[in-house]
Amino acid sequence: MLAVVPPPVTVRVPAKVNLHLAVGDPRADGYHDLVTIFQALSLTDEVTVATADDPGVEVHGEGADSVPTGPSNLAWRAVRVLAEHVGRDPDDPKVRVVIRKSIPVAGGMAGGSADAAAALVGLASLWRLEVTRDELADLAGKIGADVPFALYGGTALGTDRGDRIVPVLARHTYHWVLAFDRRGLSTPEVFGELDRLRADGDPPRVGEAEAVLEGLSSGDPRQLALLLGNDLQAAAVSLRPNLRRTLRAGVNAGALAGMVSGSGPTCAFLCTDGDSAVRVAAELAGAGVCRTVRVAQGPVHGARVVGTEEAPRPAPPEVHA
Ligand SMILES: C[C@](O)(CO)[C@H](O)COP(=O)(O)OP(=O)(O)OC[C@H]1O[C@@H](n2ccc(N)nc2=O)[C@H](O)[C@@H]1O
Ligand SMILES: Nc1ncnc2c1ncn2[C@@H]1O[C@H](COP(=O)(O)OP(=O)(O)OP(=O)(O)O)[C@@H](O)[C@H]1O
């Protein structure tokens, strides 16, 4: 009898921005304790997993040339971790992974982590596994600190390495403009630069996460804008001084506030509403301070199967600088 090959599964997964990112001292394991508030944005990658005799990874779209297709690809690491967990051979998982990227590579928006989370959700469906999202989140934390959040999406508090996730209620939709830089930044280098800045002086630290949580519950973007903060911003700007100009240009264009997203170099600008975001995006693109400008909304849900039949969605609006 012929074995039935299950159809490929496609998962859509969001980028993140950190509304609040408080970084503690370096730990013995090379990580830093974090208190962070994530928000998932409507800038998404799509990852398709399929049963195949020629296993491997293909990458298309935004920054595809700089994404490894070998064992260091984070989606492939997810395949291996899940295969091992369910007793399949991680060296021969008989899976092909196709990644269509819109999230900037090494941009501080957790694009690689998103692809790993998508691969976990896609394979759980392809292999018809009885696993809960919390079980997947435990596996996700083994792949990288940002991977668990991409499973949940929404708005959430992250503690420990940023991988312990508690959802936060945020019903209001926020409108963002994202400015992609010409080159990426390495996350460990940015954490290292913060340690160096702190050894030399005392760069300002963000306040308490509670104020941001209250700001979120108000639903007023003007109030939230006053509370956004990122301890890694000083380090990212120190490594990439041109970001100062980008941040200034976004605020001059009418954004309520601008910040470096995570470890950078992408800058995220919070706007009053959707119309304002489109105006800010157009003006920022004209200022010539960055490579590409996009608008996005948040929060959106985490990694989700979009099925096998659905036609490809048009990419979110893009304005070339
Ligand atoms: C900056 C953030 O994007 C904020 O959400 C994350 O903290 C980064 O998470 P990530 O890229 O998934 O990080 P991982 O791939 O797990 O770790 C890469 C490197 O970043 C540094 N790292 C990451 C997370 C953390 N809490 N402390 C760290 O010091 C470490 O040098 C680590 O070796
Ligand atoms: N699927 C993937 N997509 C993008 N980068 C990947 C992927 N797999 C591995 N990488 C490698 O990981 C590095 C970091 O990529 P990523 O796009 O996740 O950075 P990031 O958004 O700054 O991450 P974070 O915000 O989680 O710190 C890249 O330079 C790339 O070499």
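All values below were derived from every heavy atom in this structure, side-chain atoms included, with hydrogens, water molecules and symmetry-related copies excluded. All values reported here derive from a predicted model rather than from experimental measurement. When a ligand or atom number is given, it counts from 1 through the structure's own listing order.
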Pair Lys94 + Asp92: basic N to acidic O under 4.0 Å: yes

Ala110 N/O to ligand 2 N/O under 3.5 Å: yes

Heavy-atom nearest neighbour of atom 2 (C) of ligand 2 within options Val97, Asp115, Val147: Asp115

More than 12 heavy atoms of other groups within 6.0 Å of Arg96 CZ: yes

Close N or O approach (Val67, ligand 2; < 3.5 Å): no

Sub-4.0 Å heavy-atom approach of Arg27 to ligand 1: no

Within-cut-off N or O pair, Ala106 and ligand 2, under 3.5 Å: yes

For Arg161, the ligand 1 atoms whose distance to one of its heavy atoms is below 4.0 Å: 25 (C), 26 (N)

Close approach, Gly262 and ligand 2, non-hydrogen under 4.0 angstrom: no

Any Ser113 heavy atom less than 4.0 Å to ligand 1: yes

Nitrogen or oxygen of Leu185 less than 3.5 angstrom from that of ligand 2: no

Minimum non-hydrogen distance to atom 28 (C) of ligand 1, winning option of Glu189, His32, Lys16: His32

Distance filter under 4.0 Å to Leu232 heavy atoms, resulting ligand 1 atoms: 1 (C)

Proximity to ligand 2 by part of Ser186, non-hydrogen separation under 4.0 Å: neither

Heteroatom distance test (Pro68, ligand 2): nitrogen or oxygen, under 3.5 angstrom: no

Phe38, portion touching ligand 1 at heavy-atom distance under 4.0 Å: side chain

Winner among Pro148, Gly262, Gly30 once heavy atoms are compared against atom 30 (C) of ligand 1: Gly30

Ser66 touching ligand 2 at heavy-atom level, < 4.0 angstrom: yes

Whether Asn18 lies under 4.0 Å from ligand 1, heavy atom: yes

Minimum side-chain heavy-atom gap Arg294-Leu43 below 4.5 Å: yes

contact_flag Lys16 ligand 2 heavy-atom lt 4.0 Å: yes

Under 4.0 Å to a heavy atom of Gly144 - the qualifying atoms of ligand 1, by number: 12 (O), 16 (O)

Any protein heavy atom nearer than 4.0 Å to atom 4 (C) of ligand 2: yes

Contact partition for Phe191 relative to ligand 1, non-hydrogen atoms under 4.0 Å: side chain

Numbered atoms of ligand 2 (with element) below 4.0 Å of Val105, judged on heavy atoms: 5 (N), 17 (O), 28 (C)

Heavy-atom pair with the smallest gap, counting every atom of Val105 and Glu62: CG2-O, 3.8 Å

Nearest-option assignment for atom 19 (C) of ligand 1, heavy atoms, candidates Pro188, Ala116, Gly24: Pro188

Residue pair Arg161 / Leu34: nearest heavy atoms and the distance that separates them: O-CD1, 3.5 Å

Residues, nucleotides or ligands: over 12 heavy atoms within 6.0 Å of Asp53 CG: no

Closest candidate by heavy atom, reference atom 8 (N) of ligand 2, pool Leu74, Leu232, Thr266, Ile103: Leu74

From Thr187, Asp146, Leu194 - option closest to atom 2 (C) of ligand 1 by heavy atom: Asp146

Asp146, portion touching ligand 2 at heavy-atom distance under 4.0 Å: side chain

Ligand 2 contacted by Gly108 (non-hydrogen, < 4.0 Å): yes

